[in-house]
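Lettering follows sequence order; numbering is per chain, from 1.
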Number of protein chains: 2
Amino acid sequence: MKKEESTIDKLKKSLKEKGISPSIQRLKVYEYMLLHRNHPSVDMIYEGIKDEIPTLSKTTVYNILKLFIKKNLVKAITIEGNELRYDAYTKPHIHFKCIKCGNIYDFEIDDEIYNKKEIDGNKILECNIYLSGICKNCLKNNKNLI
Amino acid sequence: MKKEESTIDKLKKSLKEKGISPSIQRLKVYEYMLLHRNHPSVDMIYEGIKDEIPTLSKTTVYNILKLFIKKNLVKAITIEGNELRYDAYTKPHIHFKCIKCGNIYDFEIDDEIYNKKEIDGNKILECNIYLSGICKNCLKNNKNLI
DNA sequence: ATCATTGCAAACACTTTGCATACGC
DNA sequence: GCGTATGCAAAGTGTTTGCAATGAT
């Protein structure tokens, strides 16, 4: 019990440091993102914590994520199509999405392109690399994939 | 007149080669995409050709793009947020989106990551690189940007 | 005549907005 | 008690679906 309290206290501290007052909703969203590093959608977050906060509304999750983005706590990423996904920001990494199982995996590679500051006179502020293919689990379980 | 006819005929031929029967709507969508290589959204395409085909419906543009994607004539790309953009397929290139003017520019760079076939045992089928920043035009016209 | 294509209207999914209520200091 | 955070309901946006009308061969 003591241990769990201190975990929550750590989260509270992180939020405060970023200038975010730590409501229970905000704490739970943040906790969810740190525990589930699979680039959840708003829906996944909502479904994941609504049992702990029965009055939770999806609007609140939207609000919280917007705030987190503004405060640089998380990043919105666009993996595919029209689903927005969110990523608790740590360091630059590339995303690999398996077209078979839909999971998204992170890889920290140090590609040369990350160091580019400009391209042909255009100022680069951000770089996103997104790979898709078949993850090793799906390759293993399903030999007849290409 | 003769010249224009031959252009249209070329487009017709391209579509036929891909197994697409060349209706006027399909021709115009394809022509638009070849003329405007700025990764148009459905809306941009619709607005761009609706004057030439007054009865055109947005549904038809959606249908046509879905067909083109299935036939590998164009690619759907996810540049940002919730807008789907389309790209007449040629060769692998990276996208640069200007956060100021919203334009998307292509660059053909030969980054090492394109040659990777697998990463940590996962099979790579596709690689998308998307940069954002401020394009040289906006830099020039607006000195007080960061 | 038959089959494919088009295009309207309605349904859908995701996100944002307006506003009243509830909460924390 | 005051200012902020929450959450419902409604509106907005982008896309898909159902289906009847149209067009081509």
Side-chain angles (χ1 to χ4, degrees), chain A residues 8-9 11-13 15-16 18-32 39-71 73-87 102, chain B residues 8 11-12 15-16 18-32 39-71 73-87 102:
Chain A
I8 290 291
D9 284 349
L11 292 178
K12 272 192 194 173
K13 213 178 130 202
L15 291 186
K16 278 183 192 163
K18 291 279 190 172
I20 300 168
S21 52
S23 71
I24 181 67
Q25 290 88 343
R26 288 169 180 177
L27 279 168
K28 285 297 172 189
V29 169
Y30 190 40
E31 185 186 44
Y32 182 92
H39 314 82
S41 61
V42 163
D43 219 64
M44 290 158 82
I45 298 170
Y46 174 74
E47 291 298 325
I49 63 178
K50 74 166 183 218
D51 289 344
E52 301 178 69
I53 311 172
T55 64
L56 184 68
S57 120
K58 222 176 263 187
T59 304
T60 300
V61 181
Y62 278 108
N63 288 338
I64 289 173
L65 286 169
K66 193 173 285 181
L67 177 71
F68 281 6
I69 287 167
K70 203 174 69 189
K71 300 288 190 178
L73 204 61
V74 308
K75 242 187 98 178
I77 58 175
T78 314
I79 290 288
E80 204 161 64
N82 32 10
E83 57 179 353
L84 263 183
R85 302 286 207 107
Y86 300 88
D87 197 0
Chain B
I8 290 291
L11 291 178
K12 271 191 194 174
L15 291 185
K16 277 183 192 163
K18 292 279 189 173
I20 300 167
S21 52
S23 69
I24 181 66
Q25 290 88 342
R26 288 168 181 177
L27 279 169
K28 285 297 173 190
V29 169
Y30 191 40
E31 186 187 44
Y32 182 93
H39 315 81
S41 62
V42 163
D43 218 65
M44 289 160 82
I45 298 170
Y46 174 74
E47 292 297 325
I49 62 179
K50 75 168 182 212
D51 289 344
E52 300 178 70
I53 312 170
T55 64
L56 183 67
S57 118
K58 221 176 265 187
T59 304
T60 300
V61 181
Y62 278 108
N63 288 338
I64 289 173
L65 286 169
K66 194 173 284 183
L67 178 70
F68 281 6
I69 287 168
K70 203 174 69 188
K71 300 287 189 180
L73 204 62
V74 309
K75 243 187 98 176
I77 57 173
T78 314
I79 291 288
E80 204 161 63
N82 31 11
E83 58 181 352
L84 265 182
R85 301 284 209 109
Y86 299 88
D87 196 1

* Asked: Under the side chain to side chain donor-acceptor pair (under 3.5 Å) rule, what pairs show up with a residue in residues 44-57 of chain A, not counting sequence neighbours?
  -> A/Lys28-A/Glu52, A/Glu47-A/Lys50
* Asked: Reckon B/Tyr62 has a side-chain N or O less than 4.0 Å from the OP1 or OP2 of D/dT15?
  -> yes
* Could you tell me the separation between the CG atom of A/Asp43 and the P atom of C/dC14, rounded to a whole number of Å? => 6 Å
* To do: Could you please spell out the steps behind the side-chain contact (heavy atoms from CB on, under 4.5 Å) verdict for A/Leu67 and A/Arg26?
  => CA-CA 10 Å; A/Leu67 177 71; A/Arg26 288 169 180 177; 3.5 Å; yes
* Please state whether the phosphate of D/dT6, meaning OP1 or OP2, lies under 4.0 angstrom from any side-chain nitrogen or oxygen of A/Ser57. => no
* Go through C/dG7, D/dT16, C/dT15 for me and flag the one nearest to the B/Gln25 side chain. => C/dG7
Solution key, residues 58-66 of chain B side-chain donor-acceptor pairs under 3.5 Å, sequence neighbours excluded:
from, atom 1, to, atom 2, distance (Å)
B/Lys58, NZ, B/Asp43, OD1, 2.5
B/Asn63, ND2, B/Thr59, O, 3.4

* Rounded off to whole Å, could you give me the CG-to-P distance for the A/Leu65 and D/dT6 pair? => 12 Å
* Heavy-atom pair of closest approach, residues B/Lys12 and B/Pro22 -> CG-CB, 3.9 Å
* To do: Looking at every strand, decide which applies to B/Ser41 at a 4.0 Å heavy-atom threshold: base, sugar-phosphate, or nothing.
  => nothing
* **Rounded distance in Å - CG (B/Asn63) to P (D/dT16)** => 9 Å
* Structure fact -> When rounded to whole Å, the CG to P distance for the pair B/Leu56 and C/dT5 reads 16 Å
* Measure from CZ on A/Arg26 to P on C/dG24 and round the result to the nearest Å. => 12 Å
* Measure the distance from CD1 on A/Ile53 to P on D/dC8 and round it to the nearest whole Å. => 13 Å
* Considering only side-chain heavy atoms of B/Thr59, which listed nucleotide, C/dT5, C/dT16, C/dG7, is closest? -> C/dG7
* Please give, in whole Å, the distance from D/dG23 P to B/Ile24 CD1? -> 14 Å
* Would you check if A/Tyr86 and A/Ile77 make a side-chain contact, meaning some heavy-atom pair closer than 4.5 Å? => no
* With sugar-phosphate meaning primed atoms plus P, OP1 and OP2, does B/Ser23 contact a base, only sugar-phosphate, or nothing at under 4.0 Å between heavy atoms? -> sugar-phosphate
* Asked: Between B/Tyr46 (OH) and D/dT16 (C1'), how many Å, whole number?
  -> 17 Å
* Structure fact -> Winner on side-chain proximity to B/Ile64, out of C/dG7, D/dT16, C/dT6, is C/dT6
